[in-house]
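Notes to accompany the following structure.
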Number of protein chains: 2
Amino acid sequence: MSKCEQCIIKQFNSLKHLSREELVRVSACKTSKFIKKGEPLFEEGERINGVFCIKDGVCKVSKMSENGRNQIISLIKKGDLIGERSLISDEPSNLTAVALNDMEVCFVPKDEIMRDLEKNPNFTMSVLKDMAKTLKKSDNVIVEMAQKTVKQRLAETLIRLKEKFDVNDDGIINLQLSREDFANIVGTATESAIRLLSDFKKKGLVEFKGKEIKILNTQELEKIAQGF
Amino acid sequence: MSKCEQCIIKQFNSLKHLSREELVRVSACKTSKFIKKGEPLFEEGERINGVFCIKDGVCKVSKMSENGRNQIISLIKKGDLIGERSLISDEPSNLTAVALNDMEVCFVPKDEIMRDLEKNPNFTMSVLKDMAKTLKKSDNVIVEMAQKTVKQRLAETLIRLKEKFDVNDDGIINLQLSREDFANIVGTATESAIRLLSDFKKKGLVEFKGKEIKILNTQELEKIAQGF
DNA sequence: GTTAAAATATGATATATGTCAGCTTTTTTG
DNA sequence: CAAAAAAGCTGACATATATCATATTTTAAC
């Protein structure tokens, strides 16, 4: 199994603040997992008891509403950590994470992370900063959900996908989402998402080949997101 | 000026984890402020450079949407801390806080808090836990905003107000909100909020005397919040 | 206390979005 | 490869909510 000390992935998250010694300890207790597309990394109500470091792949993090509909809260990708929150608040997860493509993740058990949080202020501070950043993003999402129309949110989502995930030579975004996923991100009915996406397509703003997405006119999408 | 070491308010927040020595230092550099109803505690874009500890009163924390409408993200009351986030991420505030009634707050400058965060792991851990909790709540709000109707959200809001703020002998909630505030909490037009509130009133679920709110039927409101 | 301003209320109407139903295409499974 | 299942698409219709206009009541200002 690969060693954390030598793993480049940690550069993308708070684990980079651990000392060599600490990393060796993490490495000794961590386990590797491969999650296939469509399979859960963890589910609502489950005790995670550790932190996942995403080595490769993407997962959708969602939550069931009382109405029985699924809301995707965020997309987590290579380099991200997930699970710190439940660990810190010592509660079962309030979220479900499902792989959107084949994933490779490392799992570090709770005790090791807690120990590092207590002993290494740099690490703790980094986790704290990360949370502050996430909280800020959450505020933005709340405002967006509360104030923007479905069309605005969908345009916004497309722009963000392009920014967050790589685009290949043909301009195709390196992530495949179903229409239902889109609906669950913006918080609408699948049919509405389908209709609006094909609207965007008709207007020449995006192109779809199956689930491949290519953004043709970011500027116009931005205008729509802003309400024009 | 009163001393932090002797202040009971700190029992309600992370400051309770500071040592006597640390509290004495905090006390020495803190300032007291009185904010009148309607006045801002701080505004979007402002560098706060410290943390506020709310000694008395309530404020609404909001953010402007691109559509030009105000969204209230949360209500902060006696005992709460506010400002840690901007301090930790070292950025100007993304939020505005406006007093809903006369407030008394203490302001502790950044340097002192940062010093405590670096030196006192208990304090840091407490702040971390607090953030994890807020993040969880944010997830819930996002799901609610994305998936529930305005009516559901309004019912939910009324229930939460009753839980969060004291109720006097006559059953009246100890917080006055305008119809516009209600609209800005649930993310709707003021007219819609007015209509729905008077609907609830007609159905005997709530009672209004001006801005005084009395909840008459929590159970029924809960049903509405859940979509019945 | 009178006037002006703000908040609340209500009606009419337009529009966005949800829901249901049926159909086609794509993907999965054996 | 065939059959079944899932995903995508489209139309018709119902409904929630926004918007605009106007009236009334409450609060603030002089």
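Numbers restart at 1 for each chain; the letters A, B, ... are given by sequence-line order, proteins then strands.
Nucleotide D:dT17 holds its P atom 7 Å from the CZ atom of B:Arg153, rounded to whole Å. Between the NZ atom of A:Lys36 and the P atom of C:dT28 there is a distance of 13 Å, given to the nearest Å. For A:Met145 and C:dA16, the CE to P distance is 19 Å, given to the nearest whole Å. Remark: C1' of D:dA7 and CZ of A:Phe182 are 14 Å apart, rounded to the nearest angstrom. Summarising the geometry, the separation between CD on B:Gln176 and P on C:dA7 is reported as 14 Å, rounded to the nearest angstrom. Between B:Lys151 atom NZ and C:dG18 atom P there is a gap of 17 Å when expressed in whole angstrom units. Rounded to an integer number of Å, the gap from B:Glu191 CD to D:dT22 P is 14 Å. Distance B:Asn67 CG to D:dA18 C1': 12 Å, rounded to the nearest Å.
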For the pair B:Lys201 and B:Glu207, evaluate salt bridge (charged side-chain N to carboxylate O under 4.0 Å, His left out) and give the outcome as yes or no after the intermediate values.
-> CA-CA 6 Å; B:Lys201 190 180 164 187; B:Glu207 201 178 288; over 6 Å; no
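The residue among A:Lys37 and A:Ser192 whose nearest nucleotide of DNA chain C is located toward the 5' end is A:Ser192.
When distances run from any side-chain atom of B:Ala189 to the nucleotides D:dA18, C:dT8, D:dC9, the shortest one goes to D:dA18.
Remark: B:Lys60 engages B:Asp181 in a salt bridge, criterion side-chain N to carboxylate O under 4.0 Å. A salt bridge links B:Lys63 to B:Glu44: at least one charged side-chain nitrogen sits closer than 4.0 Å to a carboxylate oxygen.
Cation-pi geometry between B:Lys30 and B:Phe107 is not met: the NZ or CZ atom fails to fall both under 6.0 Å from the ring centre and inside 45° of the normal. Cation-pi contact between B:Lys77 and B:Phe165: present, with separation from the ring centre below 6.0 Å and deviation from the ring axis of at most 45°.
In this structure, B:Lys55 and B:Ser2 have side chains that are in contact, with non-hydrogen atoms separated by less than 4.5 Å.
Within the nucleic acid shown, A:Thr188 comes within 4.0 Å of sugar-phosphate atoms alone, with no base atom in reach, counting heavy atoms only.
Contact annotation: A:Arg69 reaches the phosphate of C:dT19 (side-chain N/O to OP1 or OP2, under 4.0 Å). Between A:Arg195 and D:dT10 there is no side-chain polar atom (N or O) within less than 4.0 angstrom of OP1 or OP2.
Partner A:Val58 forms a side-chain contact (heavy atoms from CB on, under 4.5 Å) with one of A:Leu175, A:Asp80, A:Asn174 and no other, that one being A:Leu175.
Residues from residues 197-219 of chain B lying near DNA chain D, meaning a heavy-atom separation below 4.0 Å, are absent.
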